[in-house]
Undergrad: 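Structure provided below as structure tokens; questions to follow.
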Amino acid sequence: MKVSRVAAAGLLAAASLYSMLPAAGSPAPAAGSSSPDRPLRELAGRQLMIGTAVDHAAYTADATYRDRIRTEFNSITAENVMKWEVVEPERGKLDFSAADELMAAAKRNGQQVRGHTLVWHNQLPAWLTQGVESGEIDATELRSILRGHIIDEVSHFRGRIYQWDVANEVVDDNGQLRDSIWLRELGPGYIADAFRWAHQADPRAKLFLNDYNVEGISAKSDAYHALAKDLLRQRVPVHGFGAQGHYGVQYGFHSASEVAANLGRFEQLGLETAITEVDVRMIMPTDNVKLQAQAQGYSVLLQGCLLARRCNSFTVWGFTDKYSWVPGWFEGEGAANLLDENFAPKPAYRELQAVLTLSH
């Protein structure tokens, strides 16, 4: 079983392995070496898809960035270029060119692809939001537009996406359905509709609920548990639950057992689980204490996934601070990723190597 050593060893053993890892810049181990200082995808083996979000512009322009994606990960997620505002900036004019470039790269690199995202309250095209606000697009037409978007996008990638984030961030932090354009105009049934339409377009893809602040048991994750039960009762084709894993050092972390217990209750419903968007930000500047705390944040999420029986995907939301979204969104915060701006490994990267080594 994939958890046999993680459950027994915990962070002490991981820390012991970390102390034996070579410093950044040390020669790479020979092929077939048992050293834990190997790429994450190699250490993960077949037990886990280990992925990263990909910035398309960086991928196009930065050879080092491209190479690290190729060597470190066996799964990728488009950070932005599968979102609605990108694929349909003008009504009726679909543009999958950037997403198709990433799909082709994934095929060359032997990587799987997570689809992100079909229904969200953010990054919608202006023509859609302005049309609803002006009354030009009424509820009946909006439902038809949403259906068309989901059918078009999922059909375009049919057979090439192993997991889709279908309904993204549809619950607020109080555990209520989020007050969004979709809830206001279409009512709560839009969530079930989205899953049915996505399944119609690609019956083989695994379809996920996905949100932040749901890594442990809380009012928000309780609401998702209730939502998942209700959808399954209606025979809606929902297959998985994704916890994003956006942590901040200053707020502390769940324990690995808490993460596993939360994922486990979704698995008891028959769902797969995934950790989908991991980063661990800190108030700048960095120091050794914050970097070690960051390593713990990454570690508990990976251990929690490995301890869960059906958590089969662990994705970081970008892997280098050079292209992180965090500084532009959280004032005074940053350094959220596994590698620094020069692609040098941080303690968090070494910690993931250790945990993956222990998990076999």
Side-chain angles (χ1 to χ4, degrees), residues 5-26 35-40 43 50 52-53 68 72 173 212-218 243-260 262 275-307 314-359:
R5 298 190 182 181
V6 173
L11 287 172
L12 287 178
S16 175
L17 260 179
Y18 170 71
S19 70
M20 297 187 292
L21 291 170
S26 297
S35 167
D37 191 26
R38 290 181 287 157
L40 299 177
L43 291 169
I50 190 151
T52 183
R68 294 306 290 268
E72 292 288 350
D173 286 336
Y212 62 90
N213 288 351
V214 293
E215 296 75 26
I217 295 175
S218 65
Q244 292 179 8
H246 292 296
Y247 273 170
V249 164
Q250 63 272 31
Y251 302 118
F253 315 117
H254 302 94
S255 68
S257 60
E258 288 171 331
V259 174
N262 184 46
I275 306 295
T276 58
E277 303 184 20
V278 182
D279 51 31
V280 183
R281 64 188 186 273
M282 62 189 69
I283 298 172
M284 300 298 284
T286 65
D287 59 38
N288 286 335
V289 172
K290 294 174 187 175
L291 290 171
Q292 293 297 331
Q294 178 183 65
Q296 182 190 10
Y298 275 95
S299 184
V300 297
L301 289 170
L302 179 56
Q303 289 189 57
C305 177
L306 291 168
L307 285 164
F314 181 91
T315 299
V316 295
W317 206 245
F319 62 94
T320 170
D321 294 337
K322 185 175 182 179
Y323 299 111
S324 174
W325 70 289
V326 168
W329 192 262
F330 297 97
E331 185 177 357
E333 298 182 49
N337 299 116
L338 297 172
L339 308 183
D340 68 17
E341 293 182 354
N342 297 312
F343 296 95
K346 294 155 70 174
Y349 174 81
R350 298 304 193 190
E351 184 71 13
L352 293 193
Q353 287 182 308
V355 172
L356 288 171
T357 301
L358 286 166
S359 68

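Note that the numbering runs from 1 along the sequence shown for the chain. Computed from a predicted structure; not experimentally measured. Below, all heavy atoms of this structure are taken into account, side chains as well, without hydrogens, waters or symmetry copies.
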Undergrad: With rounding to the nearest 0.5 angstrom, report the OG1 to CZ distance, Thr357 to Arg38.
TA: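 Atom-to-atom, Thr357:OG1 and Arg38:CZ are 6.5 Å apart.
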
Undergrad: For the backbone of Asn337 and the side chain of Asp279, can you confirm whether one donor and one acceptor N or O come within less than 3.5 Å of each other?
TA: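 Absent.
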
Undergrad: Flag the pair Tyr247 / Gln294 as yes when at least one side-chain heavy-atom distance between them is below 4.5 Å, and no otherwise.
TA: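 Tyr247 vs Gln294: side chains apart.
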
Undergrad: Heavy-atom distance under 4.5 Å between the side chains of Leu338 and Leu40, does that happen here?
TA: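 Sidechains of Leu40 and Leu338: in contact.
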
Undergrad: Donor-acceptor check, side chain of Glu351 to backbone of Gly297, threshold 3.5 angstrom: yes or no?
TA: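 Side chain of Glu351 to backbone of Gly297, a donor-acceptor pair under 3.5 Å: no, none is there.
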
Undergrad: Are Leu352 and Phe314 side-chain neighbours, meaning at least one heavy-atom pair lies under 4.5 Å?
TA: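 Yes, side chains in contact.
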
Undergrad: Between the side chains of Asp37 and Gln353, does any donor sit under 3.5 Å from an acceptor?
TA: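 Checked: Asp37/Gln353 side chains pair up, N/O donor to acceptor below 3.5 Å.
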
Undergrad: Should we say atom CG of Asn288 is surrounded by more than 12 heavy atoms from elsewhere, each under 6.0 Å from it?
TA: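 Check fails, neighbour count at 12 or below.
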
Undergrad: Within the structure provided, determine whether Trp317 and Thr276 are in side-chain contact (heavy-atom separation under 4.5 Å).
TA: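 The answer is no; the side chains never approach within 4.5 Å.
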
Undergrad: Is there a side-chain contact between Val259 and Leu301, using heavy atoms and a 4.5 Å cut-off?
TA: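 Yes, close enough: below the 4.5 Å cut-off.
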
Undergrad: Please say which of Lys290, Glu333, Arg281 ends up in a side-chain hydrogen bond (donor to acceptor under 3.5 Å, both in side chains) with Gln250.
TA: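 Among Lys290, Glu333, Arg281, the one that satisfies the side-chain hydrogen bond (donor to acceptor under 3.5 Å, both in side chains) with Gln250 is Glu333.
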
Undergrad: Please check: side-chain N/O of Ser299 versus main-chain N/O of Gln296, any donor-acceptor pairing under 3.5 Å?
TA: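 No; zero donor-acceptor contacts below 3.5 Å.
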
Undergrad: Using modelled atom types and a 3.5 Å cut-off, is there a donor and acceptor pairing between side-chain atoms of Lys346 and backbone atoms of Ala335?
TA: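 Answer holds: yes.
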
Undergrad: Would a distance-only check, ignoring hydrogens and angles, find a side-chain to backbone donor-acceptor pair under 3.5 Å from Glu258 to Ser255?
TA: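 Pair found, side chain donor or acceptor close to backbone of Ser255.
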
Undergrad: Might you point out which heavy atoms bring Ala293 and Val249 nearest each other, and give the distance in Å?
TA: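 Smallest heavy-atom distance, with atoms named: CB-CG1, 3.8 Å.
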
Undergrad: For Tyr298, which residues count as a ring pair (Phe, Tyr, Trp, His ring centres under 6.0 Å) partner, sequence neighbours excluded?
TA: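 Partners of Tyr298 by the ring pair (Phe, Tyr, Trp, His ring centres under 6.0 Å) criterion come out as none, since no residue qualifies.
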
Undergrad: Centres of the His246 and Trp325 rings: under 6.0 Å?
TA: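 Yes; Trp325 has its ring centre under 6.0 Å from that of His246.
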
Undergrad: Atom CH2 in Trp329, atom OG in Ser324: separation rounded to 0.5 Å?
TA: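 The CH2 atom of Trp329 sits 13.0 Å away from the OG atom of Ser324.
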
Undergrad: With a 4.5 Å cut-off on side-chain heavy atoms, are Val280 and Phe253 touching?
TA: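 Yes - at least one pair of side-chain heavy atoms lies under 4.5 Å apart.
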
Undergrad: Is Glu215 reaching over with its side chain to a backbone N or O of Gly245, donor-acceptor style, under 3.5 angstrom?
TA: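 Here the side-chain-to-backbone pair exists.
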
Undergrad: Out of curiosity, Asp173 CG to Asn213 CG, how far, rounded to the nearest 0.5 Å?
TA: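 Interatomic distance, Asp173 CG to Asn213 CG, rounded to 0.5 Å: 5.0 Å.
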
Undergrad: Say whether, by atom type as modelled, one donor and one acceptor occur between the side chain of Asp287 and the main chain of Val289 under 3.5 angstrom.
TA: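 Yes: the side chain of Asp287 pairs with the backbone of Val289.
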
Undergrad: List in chain and number order the residues that pass salt bridge (Lys or Arg N to Asp or Glu O under 4.0 Å) with Glu72, two or more places apart in sequence or in another chain; answer none if no residue qualifies.
TA: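 With sequence neighbours excluded, Glu72 shows a salt bridge (Lys or Arg N to Asp or Glu O under 4.0 Å) to Arg68, given in chain and number order.
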
Undergrad: Between Leu356 and Leu302, is there a side-chain heavy-atom distance shorter than 4.5 Å?
TA: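 Side-chain contact under 4.5 Å: yes.
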
Undergrad: If the threshold is 4.0 Å, N to carboxylate O, is there a salt bridge linking Lys322 and Asp340?
TA: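 No, no charged N to carboxylate O under 4.0 Å.
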
